[in-house]
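Structure, as structure tokens:
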Amino acid sequence: MLESIIESGTSGFIVDSEMRGPTLADISCYTEVGQLGPKYLDCLDFDQYPMIRCWMRKMENLEGYEESHNPLRKFCEVMATQNGKNPFR
């Protein structure tokens with residue numbers, strides 16, 4: 001469903017706004033969807049969703065992205081060292 005929502009617009013974001021950039025809908029959705037990808041929990045393969053992958057890259061290039069995701073990244077690193085495997089898969 002998210003794939004078709006992004007594909008149906010012209011901006012590459014969830015909502016086609018006048019500012020032609022991400023809206024609160026994108027930020028809120030990425031908070032949930034982005035953590036499922038290989039950078040973090042790695043429990044969902046997005047290979048079959050090219051529009052979502054493109055949207056995720058756009059979101060990851062936003063100012064402040066790295067700083068806001070440091071706690072999640074550290075958590076995932078700790079979890080990955082537990083028993084040498086990803087506990088979320």
Side-chain angles (χ1 to χ4, degrees):
M1 183 172 189
L2 179 58
E3 181 81 2
S4 62
I5 290 170
I6 297 168
E7 189 172 30
S8 69
T10 59
S11 68
F13 292 101
I14 294 175
V15 177
D16 282 332
S17 69
E18 291 179 12
M19 63 185 228
R20 311 272 316 152
T23 64
L24 185 56
D26 294 285
I27 294 167
S28 178
C29 188
Y30 184 85
T31 300
E32 300 301 324
V33 175
Q35 67 186 342
L36 301 175
K39 284 187 170 188
Y40 301 105
L41 302 178
D42 195 21
C43 57
L44 185 62
D45 182 6
F46 289 101
D47 284 348
Q48 60 185 334
Y49 305 106
M51 296 303 292
I52 293 176
R53 286 195 329 268
C54 181
W55 169 75
M56 289 173 68
R57 282 192 300 274
K58 287 181 181 184
M59 296 302 293
E60 292 163 1
N61 285 321
L62 293 175
E63 182 180 340
Y65 170 84
E66 292 296 329
E67 296 84 3
S68 68
H69 284 78
N70 279 336
L72 178 59
R73 185 176 298 106
K74 289 177 184 176
F75 170 76
C76 292
E77 288 170 1
V78 168
M79 294 306 292
T81 61
Q82 305 282 333
N83 301 320
K85 62 181 181 178
N86 182 345
F88 303 106
R89 286 197 120 188

Within this structure, what is the [atom1]-[atom2] distance for the pair [X] and [Y], rounded to the nearest 0.5 Å?
{"X": "Asp45", "Y": "Arg53", "atom1": "CG", "atom2": "CZ", "result": "8.5 Å"}
{"X": "Phe13", "Y": "Cys54", "atom1": "CZ", "atom2": "SG", "result": "8.5 Å"}
{"X": "Glu3", "Y": "Phe46", "atom1": "CD", "atom2": "CZ", "result": "10.0 Å"}
{"X": "Cys29", "Y": "Ile6", "atom1": "SG", "atom2": "CD1", "result": "7.0 Å"}
{"X": "Ile52", "Y": "Leu2", "atom1": "CD1", "atom2": "CG", "result": "4.0 Å"}

Validation row: [X], [Y] side chains within 4.5 angstrom (heavy atoms):
{"X": "Cys43", "Y": "Gln35", "answer": "no"}
{"X": "Met59", "Y": "Ile27", "answer": "yes"}
{"X": "Cys76", "Y": "Arg73", "answer": "no"}
{"X": "Trp55", "Y": "Met51", "answer": "no"}

Under a 3.5 Å distance rule, please check whether [X] uses its side chain to pair with a backbone N or O of [Y] as donor and acceptor.
{"X": "Asp16", "Y": "Thr10", "answer": "yes"}
{"X": "Ser28", "Y": "Ala25", "answer": "no"}
{"X": "Asp26", "Y": "Ile14", "answer": "yes"}

Other residues, nucleotides and ligands only: do more than 12 of their heavy atoms fall within 6.0 Å of OH on Tyr49?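 Check fails, neighbour count at 12 or below.
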Residues, nucleotides or ligands: over 12 heavy atoms within 6.0 Å of Glu66 CD: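 Yes, the 6.0 Å shell around CD holds more than 12 heavy atoms from other groups.
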For Ser4, what residues pass the side-chain contact (heavy atoms from CB on, under 4.5 Å) criterion, not counting sequence neighbours?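 With neighbours one apart ignored, the set is empty.
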Mind listing the closest non-hydrogen atom pair of Met56 and Gly34 along with its distance?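 Distance-wise, the nearest heavy atoms are CE-CA, 3.9 Å.
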Side chains of Glu60 and Tyr30, donor plus acceptor under 3.5 Å: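 Yes, side-chain donor-acceptor contact under 3.5 Å.
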